[in-house]
Peer 1: 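Below is a structure I'd like to ask you about.
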Protein chains: 2
Amino acid sequence: MNIADQTFPAVDSANEDRAQAIRDQLRDAIVDRRLAPGTKLSEGEVGTLFDVSRTVARAALQMLSFEGLVRTERNRGAFVANPSPEEARQVFASRRLIEPGIAIAAAERMTPAHVVAFKAQLDEEGRFIAERGPSARRSEIKASGDFHLLLASVAGNVILQRFMEELVARSSLVIALYGRSGVSSCGHSEHMNILEALESGNAERASALMLHHIDHIEADLDLRVRSGPALRQALEF
Amino acid sequence: MNIADQTFPAVDSANEDRAQAIRDQLRDAIVDRRLAPGTKLSEGEVGTLFDVSRTVARAALQMLSFEGLVRTERNRGAFVANPSPEEARQVFASRRLIEPGIAIAAAERMTPAHVVAFKAQLDEEGRFIAERGPSARRSEIKASGDFHLLLASVAGNVILQRFMEELVARSSLVIALYGRSGVSSCGHSEHMNILEALESGNAERASALMLHHIDHIEADLDLRVRSGPALRQALEF
DNA sequence: GGAGAAAAGATTGCATACGATTTTTGCGAT
DNA sequence: ATCGCAAAAATCGTATGCAATCTTTTCTCC
């Protein structure tokens, strides 16, 4: 009975919080761009979709609003975030500040097991790049983010790790919105270079490579305001 | 109209969210150490105390749990966070990574109005240090944190600003728990030096001073495990 | 008297209900 | 046909109720 109806939504998460499970699925959907920015996420809809009451759906949406992935307006509802160019710049400014330091910390804590995990991660990343199609592109963005999350977990600071989770999620949104080309293939090779530096314990080099990597990602964005930002906001789309 | 109702931190909060107001008050109480680490915050108690239902009290507690100021255990309730020495170290490691960069950004954006605000802030800080007594010490810790928050707001990156809000709040908890002496008077002069550097537009110097300042704060902590950490955790007090 | 088990009490997780607010729809006037 | 306004529908904010879980007390048995 449990197995049957909890097939897809709400993974296993028996003792876990249901709201958390819903948040995770919604976050994946947002980061994967299956939910477009501006989409309304009504409490009732989310609730019926995941077969829970509005109470827990609301809790999930509140969590996402804390992470900056949805914006809530009083008495109006929750919407998938539509980050402005300015917000996008701030996301990357934050990453430039934090990630080089994370790379240094990670370099000092790398173990052979970590190296194996990174190689598996990069393999998967390469596979998605080889594929074509919109679905592959989404997976590609997600895999690219996972590299940075893996690095954060190796660094061993859970606070910074959580910050990075938020920043990576928001970056994915920004890239989906403002991304120009397939810089990702270039990003893939940069990831490999970073791993090389980490593997050889060259913390400084890893840090510098990371900084450049972030610069490259941001440089690929087209952050000019398009077709009147006020109108866009007013129309909420 | 705008001026009238936005007098101060919206205690009345007519159109504001009530849960948010409760969160703010609870946060202040935690940071001020009026609520000791480990204290249980039951939904019902908080609700009756603020004259709201459990629903909104619960929302406030959820917010605080996101910020790391309370820890919630399923089916058991919410407790004021009791950061471990390891957690304390990670808080300061995060600050060492972020705040020097914030100082640089702030130095580049300082205006005369900002300088005035900083001077007022430092005046108040000095006043609390001059006073004696436990209440003054609490205000002193809070004022010291406010300096860093003011700096973050000047830096102009709302994402980093929110990160700093969390880090400063957790720092206050840590200092209250593990703080040794009145390093704060020393911290006050360091704040003044930082302001000097900011005022003269010397970003590099401000950044370096900030890094040392954080080091000094952490150096004043006694992060040795005291009287068995496992026992302490087990007894939850 | 102490240890263990069962019951009572307290607290959380979740669903539902109801008033308030916003958005949409329907209808008549210009 | 368009605009304005009022009623209806939808949605949110919040309170409350019930079942599940945890804690404490009490009772029994050794």
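Predicted model, so just to flag it, every value in this text is computed and none were measured. Lettering of chains follows the sequences in order, A, B, ..., and the numbering in each one begins at 1. Just so it is clear, the values below take in all heavy atoms, side chains as well, and ignore hydrogens, waters and symmetry mates.
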Peer 1: Provide, to the nearest angstrom, the distance between the CD atom belonging to B:Q62 and the P atom belonging to C:dC14.
Peer 2: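 Rounded to whole Å, this separation is 11 Å.
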Peer 1: Can you name the side chain to side chain contact (heavy atoms under 4.5 Å, CB included) partners of A:R138, sequence neighbours left out?
Peer 2: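 Counting only residues at least two positions away or on another chain, A:R138 forms a side chain to side chain contact (heavy atoms under 4.5 Å, CB included) with A:D32, A:R33, A:R34, A:S135.
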Peer 1: Using a cut-off of less than 4.0 Å, is there contact between a side-chain N or O of A:R18 and OP1 or OP2 of C:dA15?
Peer 2: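 Yes, because at least one side-chain N or O of A:R18 sits under 4.0 Å from OP1 or OP2 of C:dA15.
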Peer 1: Can you tell if the side chain of A:L167 reaches within under 4.5 Å of the side chain of B:F163, non-hydrogen atoms only?
Peer 2: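 A side-chain contact exists here, since the closest heavy-atom pair is under 4.5 Å.
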Peer 1: State which of D:dC12, D:dA15, C:dT12 makes the closest approach to the side chain of B:V52.
Peer 2: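 In terms of side-chain proximity for B:V52, the closest of D:dC12, D:dA15, C:dT12 is D:dA15.
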Peer 1: Determine yes or no for a side-chain-to-main-chain donor-acceptor pair under 3.5 angstrom, with A:N82 supplying the side chain and A:G38 the backbone.
Peer 2: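 A pair under 3.5 Å: no.
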Peer 1: How close do B:Y178 and B:P83 get, counting heavy atoms only, and between which atoms?
Peer 2: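 For B:Y178 versus B:P83, the nearest heavy atoms are OH-O, 2.7 Å.
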Peer 1: State, to 0.1 Å, how close A:D220 and A:R180 come at their nearest heavy-atom pair, and which atoms those are.
Peer 2: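 For A:D220 versus A:R180, the nearest heavy atoms are O-CB, 3.0 Å.
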Peer 1: Can you give me the bend angle of the helix from C:dG1-D:dC30 to C:dT30-D:dA1? Use the axis through the first five pairs and the one through the last five, nearest 10 degrees.
Peer 2: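 Helix axis angle between the two ends: 10°.
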Peer 1: Looking at every strand, decide which applies to A:S42 at a 4.0 Å heavy-atom threshold: base, sugar-phosphate, or nothing.
Peer 2: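 Answer is sugar-phosphate: A:S42 comes under 4.0 Å of backbone atoms only.
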Peer 1: Work out which heavy atom in A:E218 is nearest to a heavy atom in A:L223; give both atom names and the distance.
Peer 2: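 In terms of heavy atoms, the two residues are closest at OE2-CD1, 4.3 Å.
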Peer 1: Taking side chain to side chain contact (heavy atoms under 4.5 Å, CB included) as the definition, give me every residue that meets it alongside A:V80, ordered by chain and number, with sequence neighbours left out.
Peer 2: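 Scan of A:V80 (side chain to side chain contact (heavy atoms under 4.5 Å, CB included), adjacent residues dropped) gives A:I30, A:L35, A:T39, A:L41.
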Peer 1: Pick from A:I217, A:V31, A:V91: which one makes a side chain to side chain contact (heavy atoms under 4.5 Å, CB included) with A:I175?
Peer 2: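 Filter result, single survivor: A:I217.
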Peer 1: Kindly give the atom pairs (protein nitrogen or oxygen, nucleotide nitrogen or oxygen) under 3.5 Å for nucleotides 7-9 of chain C.
Peer 2:
none

Peer 1: Find the distance B:R58:CZ to C:dT12:C1' and express it as a whole number of Å.
Peer 2: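 It works out to 7 Å between those atoms.
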Peer 1: What heavy-atom pair brings A:Q20 and A:M63 nearest, and what distance separates the two atoms?
Peer 2: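 Minimum heavy-atom separation between A:Q20 and A:M63: N-CE, 3.7 Å.
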Peer 1: Could you state the CD-P distance from A:E43 to C:dA15, rounded to the nearest angstrom?
Peer 2: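 These atoms are roughly 13 Å apart.
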Peer 1: Atom CD of B:E73 to atom C1' of C:dT11: distance rounded to whole Å?
Peer 2: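 In whole Å, C:dT11 C1' and B:E73 CD are 13 Å from each other.
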Peer 1: Tell me the interatomic distance from A:R54, atom CZ, to C:dC18, atom P, rounded to whole angstroms.
Peer 2: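 The distance from CZ of A:R54 to P of C:dC18 comes to 14 Å, rounded to the nearest Å.
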Peer 1: List the residues meeting side chain to side chain donor-acceptor pair (under 3.5 Å) with B:Q161, not counting sequence neighbours, and say none if there are none.
Peer 2: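 Expected list: none.
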Peer 1: Identify the pairs formed between an N or O of the protein and an N or O of nucleotides 20-23 of chain D at a distance under 3.5 Å, and give each distance.
Peer 2:
from	atom 1	to	atom 2	distance (Å)
D:dT21	O3'	B:N75	ND2	3.4
D:dT23	OP1	B:R76	NH1	2.4

Peer 1: Could you tell me the separation between the CG atom of A:D51 and the C1' atom of C:dA15, rounded to a whole number of Å?
Peer 2: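 Value for this atom pair: 12 Å.
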Peer 1: Got a donor-acceptor contact below 3.5 angstrom from the B:R54 side chain to the B:E43 backbone?
Peer 2: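 No; judged by distance alone, with no hydrogens or angles, the pair does not exist.
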Peer 1: Between C:dT21 atom C1' and B:D17 atom CG, what is the distance in whole Å?
Peer 2: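 Going from CG in B:D17 over to C1' in C:dT21 covers 14 Å.
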Peer 1: If you compare every side-chain N and O of B:S53 against the phosphate oxygens of D:dA15 (OP1, OP2), does one of them come in below 4.0 Å?
Peer 2: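 Yes, B:S53 has a side-chain N/O under 4.0 Å of OP1/OP2 on D:dA15.
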